[in-house]
Amino acid sequence: MNVRRRLISATAVTAATALGLGALSACSSDSAATGNTDKFDVVASFYPMAFLAEQIGGDHANVTSLTEPGQEPHDLEISTKQRAQLEEADAALFLKGLQPAVDEAVSQTGIKTKIDAASLTSLEDHGGTEHAHEGEEGHAEEEEHARDPHIWLDPVKYAEVAESVGKAFEKADPDHAADYKKNTEALVKKLNGLDGDFENGLKNTKTKVFFTNHAAFGYLAERYGLTQEAISGLDPESEPSAARVRELQQEAKADGVTTVFYETLVSDKTAKTLAKDAKLKTDVLDPLEGITDKSRGDDYFQVMEANLKALQAALGAK
């Protein structure tokens with residue numbers, strides 16, 4: 001559907017040729033090449049953004065993700081092929097602050113519709129200086145001021161973002177505005193239902209504290225009156241200090257914590273070591289940064305329902 005592509009200039013053709021024709025093929029094997037379809041072509045940064053684009057875009061959108069299934073999104077580097085893919089798209093949907101390489105690539109493209117999900121709802125600080133890499137100079141200060149990007153794990157915030165993405169799609173592709181509006185309303189209704197499930201399911205629990213591998217669940221915890229204690233900070237690859245591990249062991253006893261949660265896309269070694277030392281159980285709480293064969297469900301809603309069940313079991317829901 002890409003209007004700019006049909007009016008592509010001779011200079012752009014030369015540039016594309018220099019990159020090689022292969023650079024215009026999509027990065028994901030299950031999608032047609034972005035920019036080569038008659039649909040509204042959307043490049044999404046990673047799974048939660050791609051899911052929004054697919055749900056809202058419906059039959060009118062051709063959605064490709066820059067992050068492959070099973071790839072840890074924080075680590076993403078943008079290839080030449082993906083830069084060309086972005087240039088050819090009608091819209092880019094990303095979450096500024098989560099993937100620096102994507103932020104840089106999007107800012108350098110001439111793409112007309114750039115949708116930053118982080119600007120569509122309020123972001124808060126959920127990191128802290130106690131989660132800094134040991135001995136890494138200056139990291140503590142960075143972590144303290146980091147804005148938590150994991151807004152999709154709060155169904156209410158995710159719905160806020162969805163509403164604004166729907167409006168952006170309507171504006172960018174007015175021929176299908178009515179369908180985008182209808183799809184957005186249906187998605188928001190489902191997210192409101194999910195919010196109700198979490199609220200009712202976590203209302204009465206023996207403890208309100210849960211341990212996670214990294215600080216992905218701050219918005220979810222805040223929404224439902226829980227306390228997230230992360231082994232690492234907002235960065236899933238950071239290693240906790242020995243003092244932090246001791247602190248968590250003491251807290252587990254004081255707050256009746258039963259379970260240490262780990263994730264599917266990052267190493268579970270630290271979580272399992274802490275659980276063994278503190279005689280706690282382990283389970284998966286999925287930050288939904290990507291869907292793989294290990295995911296407890298095929299899409300956002302299924303995995304979030306599985307997360308709810310895991311939390312209910314760990315917190316002793318009545």
Side-chain angles (χ1 to χ4, degrees), residues 71-75 97-98 124-154 202 205-290 292 294-296 303 306-308 310-316:
Q71 183 178 13
E72 216 295 313
H74 299 78
D75 299 337
L98 185 85
E124 295 169 23
D125 295 331
H126 289 136
T129 55
E130 73 273 25
H131 307 317
H133 290 260
E134 250 190 316
E136 189 172 325
E137 209 174 314
H139 184 85
E141 192 178 339
E142 284 173 31
E143 188 84 306
E144 187 178 18
H145 297 295
R147 294 286 183 184
D148 182 358
H150 301 87
I151 47 179
W152 65 93
L153 293 166
D154 173 353
L202 298 172
T205 56
K206 287 179 185 174
T207 181
K208 296 291 181 187
V209 182
F210 64 98
F211 287 0
T212 62
N213 206 57
H214 89 285
F217 297 90
Y219 293 111
L220 184 147
E222 198 171 303
R223 177 71 57 194
Y224 305 111
L226 307 176
T227 300
Q228 166 191 249
E229 287 293 346
I231 301 171
S232 308
L234 292 172
D235 175 4
E237 301 299 333
S238 63
E239 288 291 331
S241 64
R244 178 63 181 157
V245 172
R246 283 195 299 274
E247 187 185 333
L248 287 168
Q249 288 173 343
Q250 291 163 2
E251 192 164 342
K253 289 179 184 174
D255 291 323
V257 174
T258 64
T259 308
V260 179
F261 288 114
Y262 62 94
E263 304 164 22
T264 52
L265 295 184
V266 294
S267 171
D268 58 8
K269 186 181 171 186
T270 309
K272 288 188 171 178
T273 301
L274 171 64
K276 187 180 177 184
D277 292 346
K279 296 181 172 59
L280 302 173
K281 290 183 277 188
T282 58
D283 198 0
V284 172
L285 198 62
D286 196 328
L288 260 159
E289 292 175 347
T292 68
K294 294 179 182 177
S295 302
R296 294 176 175 176
V303 176
N307 280 345
L308 173 56
L311 280 168
Q312 286 175 311
L315 300 175

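Here, residue 1 is the first one in the sequence, and each next residue gets the next number.
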A side-chain contact here means heavy atoms from C-beta on lying under 4.5 Å apart; do [X] and [Y] qualify?
X: L308; Y: L202; result: yes
X: V260; Y: F211; result: yes
X: Q249; Y: D277; result: yes
X: R147; Y: D125; result: yes
X: D255; Y: T227; result: no

Between [X] and [Y] (side chain of the first, backbone of the second, donor and acceptor by atom type, cut-off under 3.5 Å), is there such a pair?
X: T259; Y: K281; value: no
X: Y262; Y: K269; value: no
X: D148; Y: H150; value: yes
X: S241; Y: R244; value: yes

Partners passing side chain to side chain donor-acceptor pair (under 3.5 Å) against R246 (at least two apart in sequence or in another chain): none
Should the pair K294-E263 be classified as a salt bridge under the 4.0 Å nitrogen-to-oxygen rule? no
Would you please name every residue forming a salt bridge (charged side-chain N to carboxylate O under 4.0 Å, His left out) with K272, sequence neighbours left out? D268
For residues [X] and [Y], report the shortest heavy-atom separation together with the two atoms involved.
X: A314; Y: T258; result: O-OG1, 2.8 Å
X: A271; Y: I231; result: CA-CD1, 3.7 Å
X: V284; Y: A310; result: O-CB, 3.7 Å
X: L285; Y: P287; result: O-CD, 3.4 Å
X: S267; Y: N213; result: O-ND2, 3.6 Å
X: L315; Y: V209; result: CD2-O, 3.3 Å

Sequence neighbours left out, what passes ring-ring contact (aromatic ring centres under 6.0 Å, His included) with F261? Give chain and number order. none
Show your working on side chain to side chain contact (heavy atoms under 4.5 Å, CB included) between Q228 and F210 and close with a plain yes or no. CA-CA 5 Å; Q228 166 191 249; F210 64 98; 3.8 Å; yes
Rounded distance (nearest 0.5 Å) linking atom CD of E289 with atom NE2 of H74: 4.5 Å
Interatomic spacing from CG in L288 to CG in L153 - rounded to 0.5 Å: 6.0 Å
Determine whether Y219 and I151 satisfy the following criterion, side chain to side chain contact (heavy atoms under 4.5 Å, CB included), listing intermediate values before the conclusion. CA-CA 6 Å; Y219 293 111; I151 47 179; 3.8 Å; yes
Carefully, step by step, assess V245 and T273 under the rule side chain to side chain contact (heavy atoms under 4.5 Å, CB included). CA-CA 10 Å; V245 172; T273 301; over 6 Å; no
